[in-house]
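Right, one structure below, let's go through it.
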Protein chains: 4
Amino acid sequence: MSPKPNVSEMRTKQIIEAAIAVFAKKGFARATMEDVANEVSINKATIYNYFDGKDALILAVAGEILSRELGDLQAACDMPGTATERLNAFYETLTVKEADVLFLMPILYEFYALGLRRDDVRTILADFLSQSVSRLEAIIQAGVEDGEFGPVDARKAAQALTALIDGIVLQWIYTSEKVDINVQLRYSIQFVLQGLVNYKEEAA
Amino acid sequence: MSPKPNVSEMRTKQIIEAAIAVFAKKGFARATMEDVANEVSINKATIYNYFDGKDALILAVAGEILSRELGDLQAACDMPGTATERLNAFYETLTVKEADVLFLMPILYEFYALGLRRDDVRTILADFLSQSVSRLEAIIQAGVEDGEFGPVDARKAAQALTALIDGIVLQWIYTSEKVDINVQLRYSIQFVLQGLVNYKEEAA
Amino acid sequence: MSPKPNVSEMRTKQIIEAAIAVFAKKGFARATMEDVANEVSINKATIYNYFDGKDALILAVAGEILSRELGDLQAACDMPGTATERLNAFYETLTVKEADVLFLMPILYEFYALGLRRDDVRTILADFLSQSVSRLEAIIQAGVEDGEFGPVDARKAAQALTALIDGIVLQWIYTSEKVDINVQLRYSIQFVLQGLVNYKEEAA
Amino acid sequence: MSPKPNVSEMRTKQIIEAAIAVFAKKGFARATMEDVANEVSINKATIYNYFDGKDALILAVAGEILSRELGDLQAACDMPGTATERLNAFYETLTVKEADVLFLMPILYEFYALGLRRDDVRTILADFLSQSVSRLEAIIQAGVEDGEFGPVDARKAAQALTALIDGIVLQWIYTSEKVDINVQLRYSIQFVLQGLVNYKEEAA
DNA sequence: GATGAATGAGGTTTCATTCAT
DNA sequence: TATGAATGAAACCTCATTCAT
């Protein structure tokens with residue numbers, strides 16, 4: 001792929017890490033290759049030994065960030081406990097890692113914008129979103145099978161839950177009323193969980 | 001505001017319209033002032049008679065787009081009918097104007113990213129989000145007062161609903177499974193509406 | 001074509017002139033756009049208002065130089081007098097404009113090399129060479145018809161004469177024995193002219 | 001010379017060979033040391049064990065190519081037979097090795113251009129041209145002494161012949177009328193040979 | 001002798017912005 | 001108000017070259 005073979009993996013990771021920091025702070029367009037290089041204390045040109053160019057670096061950053069996010073979700077999946085407990089565990093990681101999440105949001109939204117113009121970015125994002133839903137779906141499905149939830153369509157419910165969380169994060173970031181993210185998130189999700197539990201075939 | 005006084009308003013609007021088209025297609029960074037000028041068939045330099053520069057133009061575009069979106073929501077608010085009917089009416093405008101929404105999403109996400117770095121953009125976005133919630137809150141509050149919904153916290157419910165819609169739009173854009181946005185949207189919102197109706201003080 | 005419309009022709013010519021000087025001195029590769037700009041005392045970026053890039057500039061220079069050379073040849077064609085006189089007139093311009101010719105040779109040879117790799121350059125060169133031959137052919141043909149020369153194949157003879165001149169210029173430039181170009185040129189061409197005059201169907 | 005002593009000669013030759021291929025294809029400026037290295041499947045840095053740098057490599061390539069060309073000419077000189085036969089033999093090698101000649105022309109013309117700017121290249125080229133003429137001169141002189149040719153100035157005639165061949169090759173490469181090089185070459189040279197034979201003190 | 005890695009020094013090109021007309 | 005022309009400031013990227021191993 002983008003990182004060339006035969007080249008130190010450590011350096012590759014350093015560069016990606018630096019790029020994340022720089023991109024988050026300045027945005028893709030204003031961040032320069034030199035900014036990134038300075039962050040690692042290497043020469044600008046060295047980056048080109050590891051990535052084909054700025055676009056490739058951006059793509060690598062996208063891959064890294066999204067796989068991290070997925071990792072958090074996967075961790076929640078892998079926990080023991082009831083479906084409800086596992087869902088709660090997941091959104092709690094969000095609030096616990098509040099600083100990290102906030103830090104990455106500018107990049108994430110740029111990816112969302114960029115993905116609508118670059119196919120390579122779009123692919124990686126579509127895959128990420130799809131997998132996010134699948135993770136939640138697995139948990140919900142387990143809850144349905146255990147009788148913990150009503151007989152909901154697990155995939156649709158997972159999509160709704162994913163959407164809800166994404167939307168809440170956006171509000172959280174932009175809301176001036178310094179709402180406690182924890183409270184709002186808990187409230188909203190309970191709302192849906194309650195729907196899951198009480199579900200009685202009413203929805204389309 | 002940004003547009004200077006005493007200057008043809010029509011020209012100002014033309015430029016904003018052109019900028020929307022160009023920004024949507026190329027993104028803020030890659031779109032050039034010349035691109036915008038060409039779209040209006042005027043000279044690049046002329047734009048500077050109407051806007052202080054690219055940043056000001058971007059801000060003006062943000063204002064325009066967001067006020068349009070709010071307009072749609074306001075229209076739903078102003079409709080006659082029950083709360084449920086009005087909520088349904090709103091999300092149906094989304095699906096009806098599908099093409100427009102899709103077209104503007106790249107810009108919108110860039111705004112979300114940009115707002116985290118530019119205070120003027122942030123202000124306008126925060127205001128937009130806050131007002132979006134308020135519009136929905138008004139409807140929900142009416143529903144609560146009419147006994148159509150349970151005794152929910154109307155603001156929190158509105159926030160949840162707003163978040164849900166934003167999140168679904170994201171999925172819609174990126175999901176490869178060519179889910180019918182209509183179906184998914186309807187399903188998810190029913191989910192919440194059902195929660196509103198059956199609400200019984202359980203949530204935090 | 002390359003020079004954009006609506007833009008001062010004088011400036012375009014200035015730039016080409018400057019480019020000729022710079023390219024001749026440094027070669028295409030080592031000459032920078034900034035060198036050219038400095039020669040005209042304008043900003044580097046301004047060149048891009050007149051030419052699409054370095055390649056386009058090189059092509060424009062090729063066109064300019066070759067059309068000048070053709071002009072010299074055409075002038076000889078248009079002279080009054082016998083075929084022999086006109087041929088003599090032509091090669092005398094070479095020696096008269098010795099300094100100019102020497103000055104342009106580095107560029108010309110780079111064109112010959114470049115034309116083997118770039119189709120646009122090749123086209124312009126092939127056309128130039130073909131027209132050079134045609135000009136001489138016209139003179140020779142006139143000489144044949146006037147009985148001044150024997151019944152030679154005018155085109156082939158013109159090709160031979162063109163080749164001879166090109167080759168002599170090369171020797172002239174590189175020969176260390178500071179041969180008088182005038183003498184050598186005269187000798188060689190007389191050699192061919194004599195062949196033209198005495199021609200008796202012997203060649204293949 | 002350029003290649004450092006005490007170093008595998010085979011490697012040196014490999015590199016020169018690779019450089020010829022790469023330079024011919026891309027030109028001196030666009031060809032990179034890495035291109036050359038890749039062609040030999042060695043590391044870029046290794047080349048610096050054999051040559052002082054790119055300029056030295058170019059010079060070595062010049063030496064190699066020119067000495068090959070001279071070799072062809074020398075072979076014709078060394079043949080048995082009359083002067084005319086030997087001259088014919090020489091130009092026939094040109095047509096026989098058509099592919100090779102065509103392949104090397106881009107390099108050769110770049111040398112001609114480069115030699116006007118670099119003294120080391122100029123020296124090697126001047127020497128080559130001078131020796132080329134000398135080889136032909138020897139043949140012609142023999143022809144004169146044998147009474148095969150008229151009492152021409154052998155050196156001047158050799159210069160004319162050399163020039164003619166160089167010029168024809170140029171036409172050959174660039175001419176769009178897909179002239180058979182063989183025919184044109186034969187015609188032109190016969191033209192001169194005929195002049196040699198019939199020579200009667202008429203030229204300057 | 002060979003190479004993976006790094007870099008310094010540009011070079012081309014782009015563009016927001018200015019300004020005289 | 002409109003614009004043709006110009007420009008300063010970068011940004012991306014390339015590459016010959018060096019050096020420790």
Side-chain angles (χ1 to χ4, degrees), chain A residues 4-8 10-12 28-37 40-57, chain B residues 4 6-8 11 29-37 40-58, chain C residues 4-8 10-12 28-37 40-57, chain D residues 4 6-8 11-12 28-37 40-58:
Chain A
K4 300 177 180 174
N6 223 347
V7 143
S8 152
M10 191 200 71
R11 205 19 74 93
T12 305
F28 297 150
R30 292 226 155 95
T32 73
M33 295 303 264
E34 192 155 23
D35 289 332
V36 176
V40 199
S41 299
I42 58 174
N43 187 281
K44 190 169 47 171
T46 301
I47 299 181
Y48 290 85
N49 285 343
Y50 295 84
F51 297 94
D52 283 340
K54 200 184 189 184
D55 282 351
L57 182 53
Chain B
K4 298 179 181 175
N6 214 358
V7 156
S8 155
R11 201 25 69 95
R30 293 227 157 103
T32 73
M33 294 301 266
E34 192 156 22
D35 289 332
V36 175
V40 199
S41 299
I42 59 174
N43 186 279
K44 185 164 56 165
T46 302
I47 299 180
Y48 289 83
N49 285 335
Y50 296 85
F51 297 93
D52 283 340
K54 200 184 189 185
D55 283 351
L57 182 54
I58 288 176
Chain C
K4 300 180 182 175
N6 222 348
V7 144
S8 152
M10 191 201 70
R11 202 26 70 93
T12 305
F28 299 150
R30 291 227 157 94
T32 73
M33 296 302 265
E34 193 155 22
D35 289 332
V36 176
V40 200
S41 298
I42 58 175
N43 186 281
K44 193 166 45 168
T46 300
I47 299 180
Y48 289 85
N49 285 343
Y50 295 83
F51 298 93
D52 283 340
K54 199 184 190 183
D55 282 351
L57 182 54
Chain D
K4 298 180 181 175
N6 214 358
V7 156
S8 154
R11 202 25 73 94
T12 305
F28 298 150
R30 293 228 156 102
T32 72
M33 296 300 266
E34 191 156 22
D35 288 332
V36 176
V40 199
S41 299
I42 59 174
N43 185 280
K44 186 164 56 165
T46 302
I47 298 181
Y48 290 83
N49 285 335
Y50 295 86
F51 298 92
D52 284 339
K54 199 184 188 184
D55 283 350
L57 182 54
I58 288 175

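Here is how names work: the chains are called A, B, and so on, in the same order as the sequence lines, proteins then strands, and each is numbered from 1.
Residues satisfying the salt bridge (charged side-chain N to carboxylate O under 4.0 Å, His left out) criterion with A:Glu34, sequence neighbours excluded, are absent altogether. Under the salt bridge (charged side-chain N to carboxylate O under 4.0 Å, His left out) criterion, B:Lys54 pairs with no residue, sequence neighbours left out. Residues that satisfy the side chain to side chain contact (heavy atoms under 4.5 Å, CB included) test with B:Ala45, not counting sequence neighbours, are B:Asn43. By the side chain to side chain donor-acceptor pair (under 3.5 Å) test, D:Thr46 is found to be paired with no residue, residues two or more places apart in sequence or in another chain being considered.
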Taking Watson-Crick and G-U wobble contacts under 3.5 angstrom, with | marking pairs to another strand and [ ] crossing pairs, the secondary structure of DNA chain F is written .||||||||||||||||||||
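OP1 or OP2 of E:dA2 has at least one side-chain nitrogen or oxygen of D:Arg11 nearer than 4.0 Å. Proximity of A:Thr46 to the phosphate of E:dA5: no side-chain N or O atom is located under 4.0 Å from OP1 or OP2. At E:dA2, one or more side-chain N or O atoms of D:Tyr50 fall inside 4.0 Å of OP1 or OP2 (strictly under the cut-off).
Taking CZ of A:Phe51 as the start and CE of A:Met33 as the end, the distance is 8.5 Å to the nearest 0.5 Å. Here the straight-line distance linking atom CG of B:Asn49 with atom OG of B:Ser8 works out to 11.0 Å at 0.5 Å rounding.
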Each nucleotide of nucleotides 16-21 of chain E classed B (base within 4.0 Å of a protein heavy atom), S (only sugar-phosphate) or -, in 5' to 3' order, makes BBBB--
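In this entry the distance linking CD1 of C:Ile47 with C1' of F:dG8 reads 15 Å, nearest Å. Atom CG in C:Asn49 sits roughly 9 Å away from atom C1' in F:dG4 (whole-Å rounding).
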Inset, instruction - Could you give me the CA-CA distance, side-chain angles and deciding distance for B:Ile42 and B:Arg11, then say whether side chain to side chain contact (heavy atoms under 4.5 Å, CB included) is met? - result: CA-CA 10 Å; B:Ile42 59 174; B:Arg11 201 25 69 95; 3.3 Å; yes
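Between B:Asp52 and B:Ala56, the shortest heavy-atom distance links the atoms N-CB, 3.8 Å.
Position along DNA chain F of the nearest nucleotide to C:Ile42 versus A:Asp35 favours C:Ile42 as the more 5'-ward residue.
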